Amino acid sequence: MSGKTLFEKIWNDHAVHTTEDGYTLLYIGRHLAHDGSGHAFGFLEKRGLKVRRPELTFATPDHGVPTTSHKVEDITDPVQRRAVETLTKNAANHNVTLFDLGDRRQGIVHVVGPEQGITLPGLVMVCGDSHTSTHGALGALAFGIGASDVYHVLATQTTWQRKPYAMRVSINGDRPFGVTAKDIILSVIAEVGANGAARHVVEYAGDTICSLSIEERLTVCNMSIEAGARAGLVAPDDTTFAYLEGRPYAPKGKHWEMALDHWRALPSDADATFGREVTLDATTFAPMLTWGTSPEDALPITGSVPDPANESDPVRREALQATLDYIGLEPGTKLEDVPVDQVFIGSCTNSRIEDLRAAAVVARQGKAKVPAMISPGSSLVKHQAEEEGLDEVFRKAGFEWRESGCSMCVGMNGDLVAAGKRCASTSNRNFPGRQGKGARTHLMSPAMAAAAALTGRFTDVRTYAEKA
Amino acid sequence: MEKFTTLTAVAAPMDRPNIDTDQLLPARFLRRPRDEGFGDVLFIDQRFDDDGNPRPDFVLNQAPYKEARIIVGDRNFGGGSSREGAPWALLDYGFRCIIASSFGDIFYNNSLKNGLLPIRLPEDAVKAIRAQLHENPGTTITVDLDAQTVVAPDGSTHSFDIEPFRKQSLLKGLDDIGMTLEHESEIETFEKGFQQRRPWLFANA
Ligand code: SF4
């Protein structure tokens with residue numbers, strides 16, 4: 001019998017029941033809630049049910065919170081205010097741990113989980129948000145679910161899932177200067193396509209991945225969903241354990257030792273087989289950005305806007321033309337010649353302290369020519385950045401330093417990109433209308449976004465970054 | 001949820017790949033209570049111009065597709081976010097079935113849980129069916145869930161896969177909770193063992 005993959009080990013460890021046709025009732029080790037969880041709590045109450053294991057759910061408001069102030073009374077949009085207040089009420093009524101506005105532990109749910117040590121290796125973890133894949137960076141099987149499933153998890157601490165297929169993306173070799181975790185994952189998505197990993201759990205492996213810090217792994221796993229994957233994960237290793245030790249909700253003392261024993265046995269067995277294997281050579285990678293309206297539309301910064309005339313399939317040609325019409329770019333334009341109107345640094349993809357440090361390295365070297373805004377991933381990240389003086393660096397360079405939240409990644413709190421405006425963004429989705437109706441979004445790393453702020457156009461960060 | 005058995009209805013072709021959940025239902029409507037309905041905001045930014053007038057070039061605004069209850073899409077329909085508002089908007093607008101060559105996984109699951117049937121067919125078949133719809137706007141497609149078949153406008157029959165578990169809940173219009181509660185004692189037994197094996201998870205200080 002062949003060995004097991006990391007994903008299978010976690011799956012089997014949480015399987016309560018499997019039907020004849022292969023549907024599994026999975027136990028949920030951790031559930032994260034946010035201000036978008038109102039529907040699910042509402043369904044629960046309507047049915048007169050209780051949260052089955054309140055100690056396994058953790059909540060924090062992020063999607064609709066203002067970034068100009070973290071006072072509830074300052075939320076001007078009544079709908080968002082109600083959503084935040086409802087979360088507070090639901091957490092209190094159901095005894096769920098909450099990091100509310102004003103609490104330093106508040107932040108984007110996918111930043112808070114790892115930061116607090118709530119996310120742990122070997123867990124099945126869910127959240128009513130597609131970027132739950134982020135948590136796989138610590139070796140958890142973490143995936144997004146819809147409101148009906150969240151309701152189901154609240155009521156039963158389980159979810160029915162069909163077992164996804166196993167896929168491994170191996171990345172080897174030293175990454176060239178200027179290539180960040182964001183560039184790695186954009187390269188992966190460009191390779192496999194926006195739905196290329198659908199119905200699969202992707203394990204990222206290879207020496208390039210092993211050499212990444214936890215924060216970098218979080219960026220990679222975060223965008224697994226942008227390749228269509230059900231989840232993305234990285235085998236836990238000493239980097240993982242060092243990151244987790246001492247975090248508030250990580251196991252302590254005897255439990256830590258027990259947990260370590262379990263975690264060390266999790267990595268995929270040497271003879272485990274994956275249904276699909278993709279291998280990439282990191283030495284060929286370059287700083288990337290997206291030119292279109294799907295994350296798969298990514299190219300190196302040295303590239304040019306593709307030409308629909310080169311598409312032989314008429315349907316594809318038309319789709320490409322529609323993309324260019326929306327994004328307002330002419331075929332053949334060099335990406336480095338494209339001007340930007342504004343810059344956003346934030347989101348669960350790239351708002352952790354290492355991201356802010358990388359952006360600050362660039363920001364130190366000039367002044368923003370276009371409006372640029374930074375929203376740290378959590379209030380703790382914000383606090384740490386301030387201790388390191390990064391806020392001053394950004395302010396001096398003319399960047400706006402805000403409170404933490406999802407902010408302009410999705411614009412629910414009113415941080416929007418106006419129609420027809422072009423935004424260099426460190427977030428994860430460049431879909432039409434994602435940052436606001438008619439907004440044009442280009443995804444890139446924090447350093448590249450900062451460079452775009454300084455020049456007012458897409459810029460090869462290698463002209464700015466300090467050689468290590 | 002409403003049962004799904006068979007459906008014969010007008011189908012609207014949507015040729016573009018990657019019709020993501022942000023297009024189906026922009027984030028600014030996510031906070032609506034479920035019972036207020038989402039049909040009016042489905043594809044809102046594509047259906048209407050800035051003044052709120054219907055855009056004539058958008059397929060659902062065209063006369064033959066007014067009664068459409070099926071969409072034939074392309075690759076990666078419903079990719080993106082976990083918002084259940086996306087299938088809710090499609091359902092509330094009147095759709096019961098989406099045919100595409102691939103779907104966003106979470107959208108696919110969310111659809112099944114709400115009585116919206118997502119059908120995966122091979123890329124060639126999806127393309128061919130869309131071409132037939134373009135040729136004869138307003139023509140119908142028949143979907144039979146029990147038989148797991150789609151009958152295209154040209155009369156060709158395409159079989160599709162669906163897990164028996166999901167098929168049954170759709171045919172009967174059942175949600176998951178009822179079934180899960182039947183496994184209550186199993187969950188309890190599992191939980192006890194799990195708590196012993198992984199005690200650190202339950203020591204929420
Ligand atoms: S930052 Fe963006 S992608 Fe991440 S959870 Fe918030 S809205 Fe979703």
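The basis for the numbers below is simple: all heavy atoms, side chains too, and nothing from hydrogens, waters or symmetry mates. Throughout, protein chains are lettered first and strands after them, A, B, ... in sequence-line order, and every chain is numbered starting at 1. All of these numbers come straight from a predicted model, not from anything done at the bench.
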Greatest number of heavy atom pairs closer than 4.5 Å to chain B - which of [options]:
options: A/Ala319, A/Ser130, A/Ser294, A/Gly36; result: A/Ser130
options: A/Thr158, A/Asp149, A/Val315; result: A/Asp149
options: A/Gln80, A/Glu226, A/His131; result: A/Gln80
options: A/Gly228, A/Gly433, A/Gly436, A/Ala259; result: A/Ala259
options: A/Ala194, A/Gly128, A/Gly22, A/Ala83; result: A/Ala194
options: A/Met412, A/Arg199, A/Lys254, A/Lys437; result: A/Arg199

Any idea which of [options] has the most non-hydrogen atom pairs under 4.5 angstrom with chain A?
options: B/Pro26, B/Gly104, B/Pro199, B/Gly193; value: B/Pro199
options: B/Asn18, B/Ile177, B/Asp176; value: B/Ile177
options: B/Ser82, B/Pro87, B/Pro33; value: B/Ser82
options: B/Ser102, B/Gly85, B/Pro17; value: B/Ser102
options: B/Asp50, B/Asn110, B/Asp45, B/Thr189; value: B/Asp45

Under 4.5 Å from a heavy atom of chain B, the part of [X] involved:
X: A/Ala250; answer: neither
X: A/Met258; answer: both
X: A/Asp35; answer: both
X: A/Glu20; answer: neither
X: A/Phe43; answer: side chain
X: A/Asp313; answer: side chain
X: A/Ala147; answer: both
X: A/His14; answer: both
X: A/Leu123; answer: side chain
X: A/Tyr23; answer: side chain
X: A/Ile145; answer: backbone
X: A/Asn428; answer: neither

For the [atom1] atom on [X], are there more than 12 heavy atoms of other groups (residues, nucleotides or ligands in this structure) within a distance under 6.0 Å?
X: B/Lys66; atom1: NZ; value: yes
X: B/Asp161; atom1: CG; value: no
X: B/Glu123; atom1: CD; value: no

Of all heavy-atom pairs between [X] and [Y], which one has the smallest distance, and what is that distance?
X: A/Arg30; Y: B/Trp200; result: NH2-O, 4.3 Å
X: A/Ala198; Y: B/Phe103; result: CB-O, 4.3 Å
X: A/Arg230; Y: B/Asn109; result: NH2-ND2, 3.3 Å
X: B/Ala27; Y: A/Val410; result: CB-CG2, 3.5 Å
X: B/Thr180; Y: A/Leu25; result: CG2-CD1, 4.0 Å
X: B/Ile187; Y: A/Thr156; result: CG2-O, 4.0 Å

Has [X] got a side-chain atom pairing as donor or acceptor with [Y]'s backbone, closer than 3.5 angstrom?
X: A/Arg429; Y: B/Gly80; result: yes
X: B/Arg16; Y: A/Glu318; result: no
X: A/His39; Y: B/Arg32; result: yes
X: B/Glu84; Y: A/Ser148; result: yes
X: A/Asp21; Y: B/Phe165; result: yes

### Task
Just jot down the side-chain contact (heavy atoms from CB on, under 4.5 Å) partners of A/His31, sequence neighbours excluded, or say none.
A/Ile28, A/Ala33, A/Thr57, A/Val126, A/Val150, A/Val153, A/Leu154
### Message
Using heavy-atom distances under 4.5 Å, tell me whether B/Arg75 contacts chain A through its side chain, its backbone, both, or neither.
### Response
side chain
### Task
Identify which part of B/Gln168 has an atom lying under 4.5 Å from any heavy atom of chain A, answering side chain, backbone, both or neither.
neither
Less than 4.5 Å apart, any side-chain heavy atom of [X] and any of [Y]?
X: B/Gln195; Y: A/Arg53; answer: yes
X: B/Glu191; Y: A/Arg52; answer: yes
X: A/Gln157; Y: B/Phe190; answer: no
X: B/Arg197; Y: A/His262; answer: no
X: A/His17; Y: B/Glu182; answer: no

### Side-chain ion pair, B/Asp20 and A/Arg434, N-O less than 4.0 Å
no
### Task
Please determine if B/Asp175 and A/Arg47 form a salt bridge, counting it only when a charged side-chain N lies under 4.0 Å from a carboxylate O.
yes
### Message
Nearest 0.5 angstrom please: A/Asn195 CG to B/Asp74 CG, how far?
### Response
10.5 Å
### Message
For the OG1 atom of A/Thr293 and the CD atom of B/Gln23, what is their distance to the nearest 0.5 Å?
### Response
7.0 Å
### Message
Assess the residue pair B/Arg198 and A/Asp13 against the criterion (side chain to side chain contact (heavy atoms under 4.5 Å, CB included)); give the C-alpha distance rounded to whole Å, side-chain angles, the decisive distance to 0.1 Å, and a yes or no.
### Response
CA-CA 10 Å; B/Arg198 318 276 175 244; A/Asp13 194 41; 3.0 Å; yes
### Message
If the contact rule is any heavy atom under 4.5 Å from chain A, which residues of residues 127-141 of chain B qualify, in numerical order?
### Response
B/Lys127, B/Arg130
